[in-house]
Structures are given as structure tokens and as C-alpha cells.
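In what follows, a structure is listed as C-alpha cells, so that the remarks can point back to it.
Chain A is the first sequence line, chain B the second, and so forth, proteins listed ahead of strands; every chain is numbered from 1. Since the model is a prediction, treat every value here as computed from it, not as a measurement.
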Protein chains: 2
Amino acid sequence: MRPTVNDIAREAGVSLATVDRVLNARPGVREKTVQAVNDAIARLGYVRDLTAANLARSRTYRIAAVLPDTESQFIQSLAAALQEAGQAAATSRTELRLHRFPAEDPHALAALLADLPGKGYAGVALMAPETPVLRDAVRSLRAKGVPVVALVSDLPTTGRDHFVGIDNRAAGRTAGVLMGRFLGNAGQVLVLGSSLLARDMVERRRGFDEVMLRDFPGVEALPSLETHGSSRLLRQAVAERLANTPGIRGIYAMGDGHRALTQVLDEIGQSGKLILICHELTLHSRQALQSGEITAVITQNLGHLARSTLRVLRAKADSQPLDEGQEQIRIEIVLRENLPLTADSETTTASDAA
Amino acid sequence: MRPTVNDIAREAGVSLATVDRVLNARPGVREKTVQAVNDAIARLGYVRDLTAANLARSRTYRIAAVLPDTESQFIQSLAAALQEAGQAAATSRTELRLHRFPAEDPHALAALLADLPGKGYAGVALMAPETPVLRDAVRSLRAKGVPVVALVSDLPTTGRDHFVGIDNRAAGRTAGVLMGRFLGNAGQVLVLGSSLLARDMVERRRGFDEVMLRDFPGVEALPSLETHGSSRLLRQAVAERLANTPGIRGIYAMGDGHRALTQVLDEIGQSGKLILICHELTLHSRQALQSGEITAVITQNLGHLARSTLRVLRAKADSQPLDEGQEQIRIEIVLRENLPLTADSETTTASDAA
DNA sequence: GCATTTTTGAGGAACGTACCTCAAAATGCG
DNA sequence: CGCATTTTGAGGTACGTTCCTCAAAAATGC
């Protein structure tokens with residue numbers, strides 16, 4: 001049988017009340033007694049039963065996930081993964097609520113965040129561009145004791161408690177090696193990004209160039225083409241570039257918009273002829289991998305991301321330490337050959353089925 | 001406030017006892033009443049509070065992990081990862097005990113397994129070769145109601161409840177694409193495996209060949225060289241082959257023994273000149289990746305593996321459904337550029353620090 | 001309609017911890 | 001030493017569920 005608080009009390013020769021005071025760091029216990037209790041704890045190898053503790057505390061965790069209201073397949077998948085993780089966590093006294101904000105309106109976002117503490121939220125997960133208004137809003141949240149984690153794209157200047165996502169610079173480097181090696185260190189590479197204002201895009205580009213310069217002098221990475229999430233812009237620009245620059249043998253797509261990209265390649269008869277490396281495994285990129293239109297996808301496991309978010313926020317809310325290893329989100333390389341069968345990490349969830 | 005069993009009783013117009021009978025599928029309730037209760041549950045959106053339930057049940061999970069007593073760095077790491085996951089799970093009424101068996105003695109293993117049910121184990125995780133003796137032992141365990149999961153190498157014929165590990169065929173395919181592409185579809189490849197009796201080795205080889213035949217006709221994959229875990233054998237064989245077969249431009253090492261391999265390559269002056277693809281990220285393979293001696297490592301996250309093992313066994317012990325997505329172990333591709341900083345998935349744990 | 005069986009209700013104890021109150025004991029100080 | 005103050009003890013209730021008993025009520029068969 002595992003030792004309980006009563007066993008500690010007996011072992012330490014003190015009362016249950018005192019043990020409780022020590023365990024929960026309540027005041028009014030002599031240093032000497034604290035020691036005696038801690039010794040007994042160590043001797044018995046006591047570990048607090050968290051299930052009982054949470055029950056007694058009737059602790060519940062209401063958590064807010066705040067995402068832009070973009071239509072992108074990636075955001076949809078992220079939302080679905082969060083919902084799913086929330087469902088699964090319902091049995092452990094955790095409740096997740098999804099909030100959307102107008103993608104281009106930092107003030108609406110700030111207002112939304114300001115409203116959260118009053119509603120009894122134990123933590124907030126946030127994916128948003130790092131504006132000054134946001135910075136203040138996050139600081140104010142944290143000042144009120146509500147932990148905040150940044151999702152997917154980091155927000156270092158806001159002083160967020162944690163970042164849940166991949167190291168985008170390393171992701172860019174990974175794309176770089178794959179591209180360099182697959183091209184055999186020769187040829188030009190077209191680089192596409194949704195916006196050079198987003199931190200993740202900048203970091204990916206930096207990582208990509210780093211590897212290219214160091215290891216693949218034979219490859220020329222062209223300046224980034226910004227698509228601003230517009231598929232028309234993307235198709236036009238890509239078609240034009242490929243026509244004008246015959247040396248292009250690879251494309252590195254740092255942002256979303258796989259669909260428009262594979263479409264335009266198909267139209268101009270280049271489908272499957274270029275090395276194409278993208279980010280994020282979605283329903284579409286999965287198909288394109290399978291058909292050989294996309295060579296490799298750099299991705300992160302959204303299921304893991306969502307579960308990690310909940311775990312981290314719960315831990316922060318209780319100011320408990322994290323299991324760093326478990327919370328590190330891996331940079332996954334997906335080729336046709338190691339395409340996961342289904343589910344989880346991915347984008348094929350409820351929202352797609354509908 | 002979340003609804004409780006009492007709320008259901010009120011809502012359904014029955015007593016608490018009846019609600020309990022329905023919730024726990026106890027007999028003696030009319031179909032009509034069951035329906036009424038289920039309706040109330042649905043109407044209120046009740047979700048059982050597992051923490052309270054486990055507390056009331058005073059359910060604890062004693063789990064055995066059974067591994068061969070091999071010295072290999074991989075097994076050591078796996079053991080460390082399991083220990084660590086066990087530590088972390090201690091707060092949730094889970095206790096993990098590690099058992100070792102003599103690697104070459106199936107009967108000792110069977111005896112060990114036969115002894116477990118008496119000791120109150122709620123589940124067993126097992127990594128072992130698939131012998132007839134083992135098959136019977138596992139079946140007998142399961143017949144006694146003890147769930148069994150296979151670790152790392154599957155045991156399909158034993159009727160194990162679950163397999164925790166990667167799809168080794170897909171892992172071989174992944175190694176294949178990387179090799180084929182990195183070689184630019186030309187040259188010969190030396191393939192090393194510890195033993196062709198181990199199921200994982202066979203599956204990796206099969207996957208590797210599959211891709212080679214289909215996608216890289218220019219590459220010739222030589223017959224597997226068995227090393228039987230002996231580094232002397234490995235060094236001799238590799239040196240000889242490389243000397244006799246100048247067309248070899250890549251090596252695919254399906255098993256362990258990275259250290260001996262990189263050493264012999266260094267000795268014959270081939271270090272870093274060949275494309276070298278291995279399995280399992282260990283302390284040594286990590287260093288070799290960093291120095292460029294190894295090109296790519298196909299690996300699985302041991303931290304994830306260990307945590308998944310515990311989750312699966314707990315679920316099986318309670319005959320609850322699994323979150324398939326969460327339990328799928330990914331095939332990870334590690335290059336120098338996406339080498340995780342530290343910890344977890346890996347081999348740099350307590351045992352190494354000691 | 002009666003006896004028999006099945007279904008239901010009421011209540012309580014338990015799991016291990018948190019948190020509260022009030023009184024008793026120990027300690028520190030002048 | 002006596003006083004005020006700090007520290008400790010004893011006991012209780014609560015969290016939401018499980019699991020038990022015993023009696024009462026309802027349904028069933030003949």
C-alpha cells in the first residue's frame with residue numbers, strides 16, 4: 001500500500017493537521033517540525049495522490065484557446081485538434097473553450113483577452129501576430145495571474161509563460177538540407193511565404209538560408225515571394241517566375257496554400273517535376289505527397305500540440321514544473337513513405353468530414 | 001458547475017443507486033429505466049469525473065515492463081525512459097516495475113511471465129523474441145485477464161492486446177527513400193542487420209527493398225550482413241566488403257552497433273564519405289550525426305513510447321477505448337539540422353549521467 | 001389475486017486529500 | 001515566573017464517485 005498523509009503523521013510523530021500545513025506550505029509551523037515531516041515523507045517515499053488532491057480542492061481548469069478566424073485548412077485543423085483534446089480532457093476536470101478573433105484587428109483581440117479573466121479562466125492559449133496592443137493585453141492577463149501560452153508562432157516579447165510549437169528556424173534548416181540533398185547541390189529554388197511580417201515565416205527563411213549558404217553552395221535560393229494568403233497572387237507569381245527562370249528546380253513553400261501551388265504547377269505542366277517542400281500536413285498536402293506532387297512536408301503533430309497546450313496550462317495554473325521532454329514539439333519530416341495512416345497530427349478531423 | 005451523479009438522479013427521476021447501476025453496467029435495471037438515465041445523462045452533458053471514480057475504486061495500476069538483459073545502448077535507454085515515465089505516473093496511482101530476462105533463454109522468460117499474475121500486476125509490457133514458448137506464456141497471461149502489450153518489436157501471433165512501436169516496414173521504406181534520393185539513384189548499398197530472426201529487422205529490410213525496386217532502379221541494395229550484436233564481426237565484415245566492392249556509396253544499418261560501424265569507417269578512411277543511415281537516436285548516433293559521420297537516423301521517441309505503454313495498459317486494464325491518434329508512435333527522421341536539443345526521445349538519461 | 005421474482009430506493013461507508021475551527025500545548029520574552 | 005504569542009492537535013466536513021446492505025415497491029407468472 002502506498003503511504004498516505006496519515007502514515008506521514010504517524011511516522012513523524014505529529015498530527016495530520018501539521019502534515020497538511022507542511023504539504024501545502026501553510027504558515028505557522030516551526031522549521032524543526034517542517035524538517036521532521038519532510039524526513040518522514042522521504043523515509044516513506046510518499047507521493048501525493050493528485051487525483052484525490054484535485055478532488056478535494058474541487059479544482060477545475062477552464063481554458064481558453066484564442067485563434068484568428070482565418071479559413072485556412074491549418075487553422076481549422078488546429079481548432080479541431082484543440083476541441084478533440086478538450087473533449088478527452090473533460091474527464092479530468094478540464095474544459096476548453098475556443099474563441100476566434102478577426103485576423104486583421106488587434107484591438108478586437110485585445111478586448112477579447114481583457115474579457116477573459118472575469119469569466120474564471122485558468123489559462124489562455126493564443127495564436128496571434130505580435131503587435132504592441134497584444135503585448136499589453138498579454139501582460140495584463142499575466143498580471144492577473146492567468147498563465148498564457150503562445151501557440152504555433154512564438155510571442156517572446158509578451159513574456160508568455162511558454163511556447164507550444166516547433167523551432168521554426170530549425171524547421172527551415174531541415175527544409176534546407178532536404179532541398180539541398182534532393183537537388184544534389186545544384187539549381188535554383190523558389191521560396192514562397194505568406195507574409196514576411198509573421199515571425200514563423202522569417203525564422204524559417206533564416207534557417208533555410210543558413211543551411212544553403214553553409215552546405216549547398218551550388219543551390220541558389222531566390223528571394224521570398226509573398227503571397228499574403230491570396231491564391232490568385234500565388235498562382236500568378238509562381239507561373240511567371242517559373243516561366244522566366246528556367247533554372248528553378250525546387251520550391252520551398254514556407255506558408256500555406258498548397259492547393260493553389262499544386263494546381264498552378266499542374267496547369268503549366270510542371271507537376272511532379274520539381275522538388276517541392278512544404279509545411280503542415282493537411283488533407284490536401286497528404287494527397288499531394290501520395291501522388292508525388294509534393295516531395296516532402298515538414299510538419300508538427302497537431303494532436304500533440306493540443307494536448308501539450310492543455311498540460312502546460314494546467315501545470316502553469318498550479319505553478320507545477322513541466323516535463324520538458326514531453327512538451328517539446330518535434331519537427332516531423334513526412335515523405336510518401338512514412339505518411340501516417342490517419343488521424344491525430346493532422347487535418348482530417350471533424351471539420352473535414354462535415 | 002458540472003453535473004454530478006446526483007443531478008442525473010434528479011433529472012431522471014430515479015435514485016442515486018439506480019444511476020450508479022446504469023453507469024457501472026451492474027445488472028438488475030429495466031431497459032426502460034436504463035434509457036431514462038441515459039437520456040438524462042445526454043441532456044445534462046454529464047461526463048464522469050475519472051479522478052473521483054479512481055479514488056473511490058482505490059484503483060491502482062501495477063505494471064511490469066519486461067526487457068532482455070542486453071547491454072545495448074538502446075535497451076538501456078528504453079529502460080530509462082520507462083523508469084522515468086513510471087516516476088511521472090506515480091502521482092496517478094500507477095507503479096511500474098522493470099524486469100529483465102536472459103536474452104537467450106525463452107524458458108526463463110516464460111517462467112518470469114508465469115510468476116507475474118500472482119503479484120497483482122494490472123498489465124505487462126514486453127519486448128522479446130517471438131518464440132513458441134513465449135506465445136504460450138503470453139496467452140496464459142491474457143487468459144488470466146492481464147493485458148499484454150508488445151514493445152518495439154511486435155508479437156502478432158501471441159494475440160497481444162496492442163503493439164507499442166513504429167511500423168518497421170514503413171521505417172525501412174523511409175530509409176529507402178532517403179538513401180535513394182541522397183545517392184541520386186546510383187550506386188551500391190551495404191545493408192547491415194543484427195539478426196534476420198528478429199521480426200523488426202526483417203520488416204525493415206522488406207520496406208527498404210520495396211522502395212528501392214520501385215523508385216530507385218539505379219541503386220543496388222546488397223544482401224543483408226548479419227552481425228549478431230558482435231562488434232568484431234561487424235568491423236571485419238564491413239571492412240572486407242568495402243574493400244571488395246568499390247561501388248558501395250551508402251550503408252543502411254538496420255540494427256544497433258553504430259559505434260563499431262563509425263569506428264571501422266574511420267579506420268579505413270571512409271568516415272563521412274558514404275551516405276550512412278541508421279536506426280535509433282542514441283548518445284553516440286547523435287554525436288555521429290553532428291559530426292557528419294551519419295547522414296540520417298530513423299528513430300522513435302522513447303519518451304512517447306514509454307508514456308504510451310502506460311496509457312495503453314491502463315486503458316486495457318479498465319477495458320476502456322484508446323485514443324488511437326495519441327498512441328501512434330511516429331517514425332522520426334533526424335538529420336543534423338533537426339536534432340532535438342536534448343532529452344526525452346533519447347538515450348541521454350539518468351543511466352548515462354551516472 | 002396471490003406468491004414470487006425483479007427492480008428500485010434510501011442510506012451509509014470508503015477512497016486520499018484539502019481546508020476549516022477551536023482548544024490545548026509549547027515556546028519566547030521581560 | 002507569568003504573560004502573550006506561536007505552534008500543534010483533534011476533529012470535522014467536503015469533493016464525486018463506488019459499492020454495499022436492506023427494505024420497499026413494482027412487475028411477473030400462474
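- When all heavy atoms are compared, the tightest approach of A:R142 to A:G159 is NH1-O, 2.8 Å.
- Checking B:S15 against B:A56, the closest nucleotide of DNA chain C that is more toward the 5' end is the one next to B:S15.
- Classified by interplanar angle (parallel below 30°, tilted 30° to 60°, perpendicular above 60°), the ring pair A:H304/B:H304 is tilted.
- Closest to the side chain of B:T4, out of D:dG16, C:dT8, D:dT7, is D:dG16.
- Using a 4.0 Å cut-off, some side-chain N or O of A:R26 falls inside it from OP1 or OP2 of C:dC19.
- For the pair A:R57 and C:dT17, the criterion of a side-chain N or O lying under 4.0 Å from OP1 or OP2 is not met.
- Each of B:N24 and A:V19 lies near DNA chain D, and the nucleotide nearest A:V19 is the one positioned closer to the 5' end.
- Taking atom CG on B:D318 and atom P on D:dT17, their separation rounds to 16 Å, with Å as the unit.
- The nearest whole Å value for the distance from the OH atom in B:Y61 to the P atom in C:dC15 is 17 Å.
- Shown here for A:I63 and A:T94, the closest heavy-atom pair between the two residues is CD1-CG2, 4.2 Å.
- When distances run from any side-chain atom of A:V5 to the nucleotides C:dG9, C:dA18, C:dT17, the shortest one goes to C:dT17.
- Note on B:N54: nothing from the nucleic acid sits closer than 4.0 angstrom, heavy atoms only.
- Across all non-hydrogen atoms, the minimal contact from B:A40 to B:E11 is CB-CG, 3.6 Å.
- Within 4.0 Å (heavy atoms only), B:A53 reaches sugar-phosphate atoms of the nucleic acid but no base atom.
- In this structure, NZ of B:K32 is placed 14 Å from C1' of D:dT28, rounded to the nearest angstrom.
- Base pairing analysis places D:dG11 opposite C:dC20; the two distances defining the Watson-Crick or G-U wobble pair are each below 3.5 Å.
- Inspection of the A:T60 and B:R2 side chains reveals no N or O donor paired with an N or O acceptor under 3.5 Å.
- Taking atom CG of B:L23 as the reference point, atom C1' of D:dT17 lies 9 Å away to the nearest angstrom.
- Nucleic acid contact class of B:D20 (heavy atoms, under 4.0 Å, all strands): base.
- Between A:D323 and B:R307, at least one side-chain N (NZ, or NE/NH1/NH2) sits under 4.0 Å from a carboxylate O, which counts as a salt bridge.
- At the heavy-atom level, B:R2 lies nowhere under 4.0 Å from the strands shown.
- We find that CG of A:L16 is positioned 11 Å from P of D:dG11, with the value rounded to whole Å.
- The 5' end of DNA chain C is approached more closely, in terms of each residue's nearest nucleotide, by B:G13 than by the other of A:R21 and B:G13.
- B:D49 has its CG atom 12 Å from the P atom of D:dC15, to the nearest Å.
- Closest contact between the side chain of B:R93 and the listed nucleotides C:dT8, C:dC15, C:dA18 involves C:dC15.
- The side chain of A:R48 places no N or O atom within less than 4.0 Å of a non-bridging phosphate oxygen (OP1 or OP2) of C:dT17.
- DNA chain C is contacted by A:Y46 of residues 34-46 of chain A, taking any non-hydrogen atom closer than 4.0 Å.
- Going from atom NE2 of A:H162 over to atom CD of A:E324 covers 6.5 Å, rounded to the nearest 0.5 Å.
- Of all non-hydrogen atoms in B:V124 and B:V146, the two that sit nearest each other are CG2-CG1, 3.9 Å.
- Taking for each of A:L55 and A:V29 the nucleotide of DNA chain D with the nearest heavy atom, the 5'-most of the two is the partner of A:V29.
- Regarding contacts with the backbone of C:dT8, every side-chain N or O of B:T18 stays at 4.0 angstrom or more from both OP1 and OP2.
- Phosphate proximity of C:dT8 to B:R30: present, with a side-chain N or O under 4.0 Å from OP1 or OP2.
- In this structure, the CG atom of B:N6 is 12 Å from the C1' atom of C:dA10, given to the nearest Å.
- Nearest heavy atom pair, residue A:A128 against residue A:L155, reads O-CD2, 3.3 Å.
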